[in-house]
Trainee: 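For reference, the structure I am asking about is given below.
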Amino acid sequence: MDYKDLANLIFPEAKDISYYEEKYPERNLKEGAIVTRIAPSPTGFIHIGGLYQGLIAKKLAKQTEGVFFIRIEDTDQKRLIENGITEIIESMDKFGMNPDEGMINETESKGAYGPYRQSLRKEIYQAYAKYLIEQGKAYPCFCTPEELDSIRQKQEQAKIRPGYYGVWAKCRNLTVEEMAEKIKAGENYIIRFKSPGREDRKIKHHDLIKGNVDFPENDQDIVIIKGDGLPTYHFAHVVDDHLMRTTHVIRGDEWLSSVPLHLQLFHEMGFKPPKYAHIAPIMKNDNGNKRKLSKRKDPEAAVSYYVEMGIPKEAVTEYLLNIANSNFENWRRANKDASIDDFKLEISKMSVSGALFDMVKLLDVGKTVISKFTAEEVYEMAVEWAKEYDKNLADTLENNKEYALKVFGIERGNKKPRKDIAKWSDVRENISYMYDEMFDSQKQNYDYQVINDKEEINKILNLYINEYYDENDDKQTWFDKIKELSGRLGYAKEVKEFKENPDKYKAHVGDVSTVLRVALTARTNTPDMYEIMQILGKDRIKARFEKAIGI
RNA sequence: GGCCCCGUGGUCAAGAGGUUAAGACAUCGCCCUUUCACGGCGGAGACAUGGGUUCGAUUCCCGUCGGGGUCACCA
């Protein structure tokens, strides 16, 4: 009985690894092309951090004419959720992150390096595990969870490093005959890697983001094949990224401390390891403590949150890019209309430590992004969002597209566009006073600020609509008339004049304007009143004034 | 606790052995012949700390403190 016999006893059906090595050859890409991937577990919605990693990975691949693929890591059968894969793919799609290869829905995939779903790769992992067993580099372990527990307790009591290694690795020293006997007797077992490492030796690792890092060698005999026959993350990572010919592994920095293990596995398997880039997580300030954005506690951890809020994907992408490379902002200022694809991401410029998530800044990016859209684009995107989250708004907009375009066109398209919409969920509040049905269905609160006398307000409104307002006036004439009205009623025509001689006047032209604005829209802050009046038209202006006076 | 990583304004962050220590968001003030938004100008605001090396350290080294990660048949 030798290792080979043992391997055959454990995995009688497994193919020789040469089969897979031939089936998945080196990729034929141009020099310097980067192959990256995103490898989520279908355990629920995509995390903003996952989107961030995917964005970096995809950009690196794109920039070098490489390949970006998606691999579903579903080896933990206990944590799977229904339609988990679809949900991931759909939310990636919403942010413009379509992979070149990988799963395209719950069961189908594209690309020549599949399957792209780990649970479908069981026989591949077993072939490679068998390969290790044949060489005496892996072995079956019969320890029960209870035994492992008691080992750990002993170690903790003795204050020594916990784990399955050295003298604690009971099963590694079993003879091949003993192992075979136990297997034949039907004992349960898993497969462990037989680590050649020593804890008192150091290894050097150069991480693309973290730089040079020294670690003790790995000496843990970690599990590679679990009781259900599926691999652990560590083993799957090594086999998959080798076979899928990944050149750069972009992942969260919670994996950094596993690097010694992974490098060792690559080495013992005889594979060339990929380059690693360990990305710092996006953090949140929680009562003065920094912590990772948490799926459970923070709604903004889920990418679906941004979709629901109607924060455009361009804004999320730009914000994330800014966290990745802080020179992005400068680039954006210098290239206002360039596509994000033209920005060259440099992985070496990524921050080593995690950034605090800043919603205020994200929304600011959102404002800027939306301000650059045309009225038509704003209309399309607002409608698309509203169809899902504000049906009534969607109907209103679609009922009269031409009108909606006018409304969205106010102060848009010029050099200093308005920046009043940061997300699509702002739209309703922003335009409701331009729609009579919305305006009339809400209880409006008229606060005229300085001029408060009801008689006086009536007088201003009546005089204005009957004697002054003319739809055909240009903006200058329109405003001159408001000044004229102001002067006639004893208000200063110029604000400055009023400030110099406050006793000479009742108030000033700004206060009169405010009366008109409030009567018209029931709010003190609006975009350009001239444009609003132009769109509303004289009859509706009059109706608004009457409504205001009637209250 | 062991191991590893990190520490520049409120936040994201440039930066170099000698700088008036950038910029963006936020904040405050002024201006932009009516509000808001935009824009312009200006203000306030930072190198965690103690030692060393050095003519000189925020920058290099060590300690301390603080923060984060990791130590599963989860990824």
Side-chain angles (χ1 to χ4, degrees), chain A residues 39-41 43 73-76 78-79 118 141 143 145 148 152 156 159-164 188-192 199 205 207 210-211 213-216 220 222-228 230-234 236-237 251-260 278 280-281 283 285 288-292 319 322-323 325-330 332-333 349 351-358 360-365 367-368 371 411 414-421 449 479 482-483 486 493-497 508-518 521 523-530:
Chain A
S41 300
T43 55
E73 311 228 318
D74 60 345
T75 55
D76 187 357
K78 297 183 290 291
R79 298 203 306 169
Q118 291 181 328
C141 167
C143 293
L148 293 174
R152 177 167 308 109
E156 272 168 19
K159 294 201 165 147
I160 53 177
R161 203 159 46 90
Y164 205 80
N188 289 328
Y189 62 94
I190 47 87
I191 309 295
R192 281 183 189 274
E199 205 254 350
H205 162 63
D207 194 85
K210 303 283 178 180
V213 191
D214 291 356
F215 285 105
Q220 300 276 343
I222 56 112
V223 175
I224 57 174
I225 301 288
K226 302 184 286 189
D228 59 5
L230 287 169
T232 54
Y233 170 87
H234 307 294
H237 154 53
R251 57 171 24 168
D253 69 2
E254 69 270 22
W255 293 109
L256 187 62
S257 56
S258 299
V259 163
H278 287 96
M283 316 285 281
N285 187 323
N289 289 327
K290 259 186 168 184
R291 51 152 243 258
K292 264 165 97 166
Y319 175 68
N322 189 240
I323 289 184
N325 275 188
S326 65
N327 57 316
F328 174 79
E329 270 181 333
N330 291 331
R332 179 42 96 203
R333 248 197 308 284
K349 284 189 177 162
S351 176
V352 188
S353 52
L356 239 34
F357 180 80
D358 187 348
V360 175
K361 176 109 184 181
L362 204 209
L363 258 17
D364 181 73
V365 175
K367 276 198 291 193
T368 307
S371 78
E411 290 184 71
N414 47 20
K415 276 210 181 65
K416 295 180 186 175
R418 285 192 68 74
K419 292 191 174 178
D420 49 356
I421 304 176
Q449 310 269 303
F479 192 52
I482 295 179
K483 285 188 186 178
S486 301
K493 286 182 174 181
E494 307 290 340
V495 179
K496 270 184 194 152
E497 233 173 85
H508 59 75
V509 64
D511 300 317
V512 175
S513 292
T514 298
V515 169
L516 298 176
R517 187 188 309 278
V518 171
T521 65
R523 53 211 82 197
T524 50
N525 308 331
T526 73
D528 184 59
M529 189 156 57
Y530 174 73

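Here is the naming used below: chain letters follow the sequence lines, and residue numbers restart at 1 for every chain. As the structure is a computational prediction, the values presented were derived from the model and not from experiment.
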Trainee: Would you indicate what S258(A) reaches in the nucleic acid, counting non-hydrogen atoms under 4.0 angstrom: base, sugar-phosphate, or nothing?
Mentor: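 If one applies the 4.0 Å heavy-atom cut-off, S258(A) turns out to touch nothing in the nucleic acid.
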
Trainee: Do the side-chain N or O atoms of K419(A) get closer than 4.0 angstrom to the phosphate oxygens (OP1, OP2) of rG39(B)?
Mentor: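 Answer is yes, contact under 4.0 Å.
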
Trainee: Just call it for R251(A): base, sugar-phosphate, or nothing, with non-hydrogen atoms closer than 4.0 Å on any strand.
Mentor: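 If one applies the 4.0 Å heavy-atom cut-off, R251(A) turns out to touch nothing in the nucleic acid.
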
Trainee: Within the stacking criterion (centroid distance below 5.5 Å, interplanar angle below 30°), does F479(A) stack on rU34(B)?
Mentor: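 Stacked: centres under 5.5 Å apart, planes under 30°.
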
Trainee: Which part of the nucleic acid does S41(A) contact within heavy-atom distance under 4.0 Å: base, sugar-phosphate only, or nothing?
Mentor: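 Result for S41(A) = sugar-phosphate.
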
Trainee: Judged by each residue's nearest nucleotide on RNA chain B, which is more toward the 5′ side, R333(A) or P162(A)?
Mentor: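 Taking each residue's closest nucleotide, the earlier one in sequence belongs to R333(A).
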
Trainee: Touch check for D228(A), heavy atoms < 4.0 angstrom, all strands: base, sugar-phosphate only, or nothing?
Mentor: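 The answer is nothing, as D228(A) stays clear of every strand by at least 4.0 Å.
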
Trainee: May I ask you to evaluate whether R332(A) reaches the phosphate of rA24(B), defined as a side-chain N or O under 4.0 Å from OP1 or OP2?
Mentor: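 Answer is no, no contact under 4.0 Å.
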
Trainee: So what does E411(A) hit on the nucleic acid, given a heavy-atom distance under 4.0 Å: a base, only sugar-phosphate, or nothing?
Mentor: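 The residue E411(A) makes base contact.
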
Trainee: Find which nucleotide of RNA chain B each of V223(A) and P281(A) is nearest to by heavy atoms, and output the residue with the more 5' nucleotide.
Mentor: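 Here P281(A) is the residue nearer the 5' end.
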
Trainee: Ignoring hydrogens and angles, are the base of rU34(B) and the side chain of R517(A) linked by a donor-acceptor pair under 3.5 Å?
Mentor: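 Counting by modelled atom types and ignoring angles, a donor-acceptor contact under 3.5 Å is found here.
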
Trainee: Regarding K159(A), tell me which of base, sugar-phosphate or nothing describes its non-hydrogen contacts under 4.0 Å with the strands shown.
Mentor: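 K159(A): no heavy atom of the nucleic acid under 4.0 Å.
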
Trainee: Any strand is fair game: report the nucleotide pairing with rC38(B) by Watson-Crick or G-U wobble, both distances under 3.5 Å, or none.
Mentor: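 Matched rC38(B) with nothing under the 3.5 Å cut-off.
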
Trainee: It should be established whether T232(A) places a side-chain nitrogen or oxygen under 4.0 Å from OP1 or OP2 of nucleotide rA75(B).
Mentor: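 Result: no.
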
Trainee: Can you tell me the pairing partner of rA22(B) across any strand shown, Watson-Crick or G-U wobble, with both distances under 3.5 angstrom?
Mentor: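 Pairing partner, where one exists within any strand: none, as none qualifies.
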
Trainee: At 4.0 Å (heavy atoms only), tell me whether I190(A) reaches a base, stays on the sugar-phosphate, or touches nothing.
Mentor: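 Base contact.
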
Trainee: Kindly say if S257(A) contacts the phosphate of rC5(B), meaning a side-chain N or O under 4.0 Å from OP1 or OP2.
Mentor: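 No, outside the criterion.
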
Trainee: Would you say K292(A) reaches rG68(B)'s phosphate, i.e. side-chain N/O to OP1/OP2 under 4.0 Å?
Mentor: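 Answer no for this pair, as no side-chain N or O of K292(A) is under 4.0 Å from OP1 or OP2.
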
Trainee: Determine the contact category for S326(A): base if any of its heavy atoms lies under 4.0 Å from a base atom, sugar-phosphate if only primed atoms, P, OP1 or OP2 are that close, otherwise nothing.
Mentor: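 Sugar-phosphate contact only - S326(A) comes under 4.0 Å of backbone atoms but never of a base.
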
Trainee: For K361(A) and rU27(B), is the shortest distance between a side-chain N/O and OP1 or OP2 below 4.0 Å?
Mentor: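 Result: no.
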
Trainee: Taking N and O atoms by type only, does the side chain of R418(A) place a donor or acceptor under 3.5 Å from a partner on the base of rC36(B)?
Mentor: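 Present.
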
Trainee: When the P atoms of rG18(B) and rU59(B) are compared, how many Å lie between them, rounded to an integer?
Mentor: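 To the nearest whole Å, 11 Å.
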
Trainee: Counting any heavy atom closer than 4.0 Å, what does R161(A) reach on the DNA or RNA strands: base, sugar-phosphate only, or nothing?
Mentor: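 Counting heavy atoms under 4.0 Å across all strands, no contact is made by R161(A).
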
Trainee: Using atom C1' of each nucleotide, how far apart are rA24(B) and rU8(B) to the nearest Å?
Mentor: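 Comparing C1' positions in rA24(B) and rU8(B) gives a spacing of 15 Å.
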
Trainee: Report, as yes or no, whether the 6.0 Å neighbourhood of atom CG on N188(A) holds more than 12 heavy atoms from other residues, nucleotides or ligands.
Mentor: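 Incorrect, the count does not exceed 12.
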
